[in-house]
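For this chain, numbers begin at 1 and follow the sequence in order.
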Amino acid sequence: MRGAETPPKHNLRTWVLMLALVPTVVIAILLAVFFTVNRTIELEQNILSKTRQVAEPVALAMGLALKSKNRDEAKRLLTSLQISDPELVESIAVFDNNNRRFVSSHYNKGFIGLRHGGSLVTLNQVEQEIHDNKLVIKVPIFAISDEEKQAYQQPDLPIEKPERGPLLGYISVLMNVSDIIEAKHRNIIISFVIILIGIQLNLMFTIRLVKFISGPIDELSMFVSRINSNQETNELSKQYISELDFLKRHIVTMSKTLAASQNEMQTNIEQATSDLVKTLEQIEIQNVELDIAKKRAQDANQTKSEFLANMSHELRTPLNGVIGFAKQLAKTPLHSSQLEYIQTIERSANNLLSIINDILDFSKLEAGKMVIEIIPFSIRDALDETLKLIAPAAHDKHLEFVIDIHEDVPDDVSGDMKHLNQIITNLVGNAIKFTESGSVMVKVELESSHLEQILLRFEVHDTGIGIKPEHQKLLFQAFKQADSSISRRFGGTGLGLIITQRLVEALGGNINFQSELGKGSTFWCILPLERCQLRLGDSLPVANLKNKSVLLCEPNPLAASVTSDILSSWEMLYRVATSPEDVTNKLASSQNFDYFMLSIGDTCNLAKVQKVLQLAQTKTERIILLFNSSKHERLLGDVLNYTDAVIKTPFTSLSLARQMIYAQKTTQPAFYSSQAASPQQKKNLNVLAVDDNPANLMLIDALLNEIVTNVTTASSGEKAIRLAKQYRYDLILMDIQMPDIDGIQATQNIRKDSLNRNTPIVAVTAHSMSEEKERILASGMEDQLQKPIDVSDLQETIERWVNKPSFLQFERHTLNWELCLSQAGHKTELALEMLQMLVKSIPNTCEDIQTTFDAQEPKSMIQIIHKLHGACCYCGVPTTQGLCKQIETALKAGENIKQLEPEILELIDELIKVESAAKQIITQMSPESLYS
């Protein structure tokens with residue numbers, strides 16, 4: 001946009017002159033052209049009219065001469081015609097009907113332009129042609145009848161127009177039209193002179209008009225400019241014409257008003273400035289106060305984090321002893337009431353631990369310190385393991401507990417398995433807690449899929465108490481429950497759903513629910529995951545089950561429907577029975593079945609079950625028993641000899657397929673409880689346990705003595721350092737918070753100077769904050785074991801770190817086996833498989849990188865680095881992963897490949913190191929792997 005001070009391209013004088021002159025000139029030119037053309041046409045028509053008036057009578061008279069061949073008469077007529085107007089008529093010639101000259105007034109070589117060029121048949125009327133500024137008129141001559149002849153001799157006799165006779169010839173008249181051309185030129189000159197005179201007159205009046213308009217406007221413009229520049233203005237005393245004088249008066253009034261406004265505005269500005277100075281002083285004081293408040297808030301947040309860490313430690317430490325010794329005591333001979341007391345203590349301690357975990361999880365989410373870990377996992381196996389831990393709570397309340405995973409849901413995915421399990425646990429735990437009778441169902445559906453990205457919908461349906469509409473808005477608020485009486489009736493902190501909501505949002509999903517009072521609730525969440533190219537679960541030949549026959553005895557309708565859908569998806573032939581009597585009838589009336597699946601309910605009678613199983617042994621190939629509670633284990637022991645496999649509900653389609661495909665007729669079923677299992681053989685290991693709390697140290701000692709052969713205990717960090725210098729251990733369990741020398745300092749001293757520099761050291765801590773975990777791992781410890789200690793976690797930790805590679809011939813940043821295990825969900829076989837895939841791709845990748853670098857092709861380089869970056873995310877190679885990210889980011893930002901030569905060469909060298917390190921791990925961890 002043009003600025004306010006920029007002068008216009010054309011001033012008012014130019015516009016007025018243009019608007020006045022242009023229309024005048026255009027109109028004058030149009031009129032001159034019109035009259036000139038009109039005058040020229042009029043001259044031409046007069047000449048033609050005059051010529052035809054002369055030529056047509058001559059043509060009529062010439063007909064008699066042609067008919068009688070009287071050349072003299074014809075010559076006389078032509079001569080008289082030319083003599084009548086010699087300046088106009090140059091030559092006349094008469095031609096007969098054979099187009100031969102009959103007579104002419106002058107000799108004309110070839111009679112150029114006079115002779116008719118075409119057939120005389122077409123000459124039936126007067127024609128005219130122009131040749132070299134000469135006008136030629138050709139008039140046809142027709143034979144004259146007696147009536148025409150009489151009319152010609154006596155012109156006064158009126159006769160009707162006779163019919164035209166045969167063509168006798170034609171007469172051609174050559175005329176000089178130079179006078180017409182001169183007249184045209186003369187008219188043009190006269191018109192041009194008239195236009196010039198008109199333009200001069202218009203210009204004179206226009207300049208006079210501009211003088212009366214532009215002068216006052218210029219003065220008014222200068223007056224407004226001085227106002228705009230805040231300069232002193234003079235009074236406009238001149239009298240202007242018409243509207244200009246009216247405009248002058250308004251501008252003068254406006255200037256006075258503007259001056260008054262400026263004075264008032266200046267007063268307001270001074271007042272506002274004064275107020276602003278005072279406000280700025282207040283804001284400065286407030287900023288100082290805010291800085292102080294911010295520092296206090298940061299100190300309070302730090303205090304809060306330290307408090308949470310200390311609270312976690314102080315609460316979990318005694319709980320570790322309570323829960324641990326309760327479990328140990330339950331293993332000793334006790335009568336029923338004592339066992340019930342111990343189980344009550346354990347449940348109460350676990351409830352307290354659950355409340356503590358909820359508070360700590362909520363605090364971490366509030367502080368934004370929840371760490372998201374993306375690892376590959378099998379979704380069916382993960383849900384199977386998670387729901388089996390929750391199932392006893394549902395079975396204790398005699399609830400029907402079912403899991404339904406749709407067939408199109410991919411099994412191998414990548415995501416945060418830990419927090420997904422926590423979300424499902426919270427939702428299912430709430431459903432079980434608020435459902436007194438009926439069922440709880442977990443459903444997983446594929447919401448959408450695009451390339452490698454998928455959206456899964458997880459739904460939890462229950463038939464519980466439901467939620468009142470006015471209470472539903474309180475569900476996702478911290479420390480709130482739908483009804484204040486709920487906390488008294490069902491317990492809990494009111495943090496479960498808010499934690500679940502925050503977790504879902506942190507994972508990039510959303511959560512919602514529907515509920516009807518007295519009819520139950522449905523909670524669902526939609527979470528984004530990625531497809532994993534690796535095969536994580538078992539590759540089962542489900543096609544082998546096609547057309548196999550199954551008899552299913554399931555009294556629960558919901559479980560029967562879900563199981564039937566699974567069997568139908570495998571194209572199996574199935575029948576459903578709802579009671580032992582129904583089974584007996586179907587077995588007796590039907591042919592043999594390939595499989596018989598029997599669900600043991602709470603009201604099953606041992607005698608009836610045994611009878612059904614005895615009959616089924618004669619009619620079926622394989623018998624699979626479904627049971628849903630530890631209460632049925634005594635009944636289960638009585639019928640084991642009749643079964644081929646036992647499945648604990650709820651189960652996924654993957655679990656059912658494993659048992660149906662691999663179950664065999666044996667005395668020991670494919671699955672049985674831990675009480676029936678044989679005692680576990682101790683591992684021949686030497687383990688050092690360090691803890692300053694006597695109760696915890698006693699508990700760890702008791703737990704370890706059940707798993708390993710040799711256990712040494714130390715009650716302080718100083719004693720642990722002394723023992724580490726004297727003896728070599730296979731594993732060290734190190735408490736973190738100890739007086740004098742804590743666990744981290746003790747670990748650092750052991751790593752510096754002892755016989756256990758390379759011994760795996762696992763932190764045993766009650767801390768749960770992510771910063772504490774990072775600090776522990778950064779100190780040189782390999783892993784962390786959370787208090788209260790779970791026996792299965794302890795066994796898994798020992799199993800994992802006893803089999804750890806014992807070499808340290810490469811840097812941890814080149815290949816970190818612990819990180820590789822963590823990224824593979826602590827599954828050794830999966831971690832080795834991913835390493836093998838990476839190692840196999842390294843030679844081709846290095847070659848492709850070198851070729852693309854030599855060819856200077858940025859697009860191809862981006863594709864190669866992006867693919868390598870994706871493979872590094874699951875293989876524990878932090879340096880390689882960082883280089884890939886750095887190069888890919890630079891290339892996408894448009895940086896030249898040549899400028900990235902140092903990073904690319906470093907990446908190739910790092911890949912060679914990774915290949916060497918990975919081969920060492922694969923060789924040691926899986927000796928059967930061969931490399932050429």
Side-chain angles (χ1 to χ4, degrees), residues 370-384 386 403-424 427 442-461 500-514 522-540 542 565-566 569 652-654 823-825 827 830 833-834 837-838 841 845 848 858-875 881 884-885 887-889 891-894:
M370 185 64 71
V371 179
I372 305 300
E373 295 181 350
I374 305 299
I375 62 172
F377 66 95
S378 168
I379 196 163
R380 286 174 173 81
D381 285 343
L383 290 178
D384 199 18
T386 301
I403 177 172
D404 181 14
I405 303 178
H406 284 201
E407 191 66 24
D408 58 350
V409 174
D411 191 51
D412 305 319
V413 297
S414 294
D416 194 328
M417 181 181 67
K418 175 185 174 183
H419 289 129
L420 172 61
N421 290 340
Q422 187 176 356
I423 291 169
I424 299 299
L427 293 179
V442 179
K443 182 184 291 186
V444 184
E445 298 175 342
L446 180 64
E447 184 78 7
S448 65
S449 175
H450 178 67
L451 299 178
E452 300 302 319
Q453 300 290 329
I454 60 173
L455 286 179
L456 292 186
R457 180 185 179 94
F458 299 85
E459 293 185 3
V460 178
H461 305 266
T500 302
Q501 183 191 41
R502 298 287 179 85
L503 286 175
V504 169
E505 292 174 351
L507 296 179
N510 57 79
I511 185 172
N512 211 328
F513 72 97
Q514 287 181 341
T522 299
F523 284 81
W524 73 85
C525 62
I526 299 176
L527 295 175
L529 296 169
E530 293 184 4
R531 294 180 185 269
C532 182
Q533 302 302 323
L534 299 174
R535 183 67 184 176
L536 304 178
D538 296 338
S539 180
L540 299 176
V542 180
D565 290 341
I566 295 174
S569 68
T652 63
S653 59
L654 200 60
Q823 291 172 340
K827 295 183 179 180
L830 177 60
E833 184 177 353
M834 291 189 293
M837 293 177 63
L838 178 63
S841 67
T845 301
D848 293 343
K859 292 184 178 180
S860 300
M861 183 66 78
I862 290 176
Q863 294 176 356
I864 296 170
I865 299 298
H866 179 75
K867 183 178 179 182
L868 177 61
H869 189 195
C872 293
C873 292
Y874 304 111
C875 295
Q881 185 178 352
C884 288
K885 182 178 180 181
I887 295 172
E888 184 179 1
T889 303
L891 288 174
K892 288 182 178 179

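- Taken to the nearest 0.5 Å, the CZ atom of Phe523 stands 11.0 Å off from the CD atom of Gln501.
- In this structure, Leu654 and Asp384 have side chains that are not in contact, with every pair of non-hydrogen atoms separated by 4.5 Å or more.
- Counting only heavy atoms from C-beta outward, the side chains of Leu527 and Ile423 approach each other to under 4.5 Å.
- The side chain to side chain donor-acceptor pair (under 3.5 Å) search around Ser449 returns Arg531, not counting sequence neighbours.
- Scored by the side chain to side chain donor-acceptor pair (under 3.5 Å) test, Ser841 finds no partners at all (sequence neighbours excluded).
- Distance check: Ile865 CD1 to Cys872 SG gives 9.0 Å after rounding to the nearest 0.5 Å.
- In this structure, the separation between CZ on Arg457 and CD1 on Ile526 is 5.0 Å, given to the nearest 0.5 Å.
- Atom NE2 of His866 sits in a sparse spot, with 12 or fewer heavy atoms from other residues, nucleotides or ligands closer than 6.0 Å.
- By the side chain to side chain donor-acceptor pair (under 3.5 Å) test, Gln453 pairs with Glu530, sequence neighbours left out.
- The two residues Ile379 and Pro410 have their closest heavy-atom pair at CG2-O, 3.5 Å.
- Partners of Lys892 according to the salt bridge (Lys or Arg N to Asp or Glu O under 4.0 Å) rule, which considers only residues two or more places apart in sequence or in another chain, are Glu888.
- Note: Ile374 CD1 to Met417 CE = 11.5 Å, rounded to the nearest 0.5 Å.
- For the residue pair Leu838 and Ala871, the shortest heavy atom distance occurs at CD1-CB, 4.2 Å.
- In terms of the side chain to side chain donor-acceptor pair (under 3.5 Å) criterion, Gln881 has no residue partners (sequence neighbours excluded).
- Asp412 contributes no side-chain N or O that, together with a main-chain N or O of Ser378, makes up a donor-acceptor pair within less than 3.5 Å.
- Between Val504 and Ile511, the shortest heavy-atom distance links the atoms CG1-N, 4.1 Å.
- The closest side-chain heavy-atom distance from Ser653 to Ile405 is not below 4.5 Å.
- Residues Ile375 and Ser414 have side chains not in contact (no heavy-atom distance under 4.5 Å, counting atoms from C-beta outward).
- Residue Glu505 holds its CD atom at 7.0 Å from CZ of Arg502, rounded to the nearest 0.5 Å.
- Looking at Val442 and Leu383, their side chains never come closer than 4.5 Å, going by heavy atoms from C-beta outward.
- Every residue two or more places apart in sequence or in another chain was checked for a salt bridge (Lys or Arg N to Asp or Glu O under 4.0 Å) with Asp416, and none qualifies.
- In this structure, Phe458 and Leu420 have side chains that are in contact, with non-hydrogen atoms separated by less than 4.5 Å.
- Minimum interatomic distance between Gly415 and Leu529 (heavy atoms only, all atoms of both residues): CA-CD2, 3.9 Å.
- Atom-to-atom distance recorded for Leu446:CG and Glu407:CD is 12.0 Å, nearest 0.5 angstrom.
- Between Glu445 and Lys443, the closest side-chain pair of non-hydrogen atoms falls below 4.5 Å.
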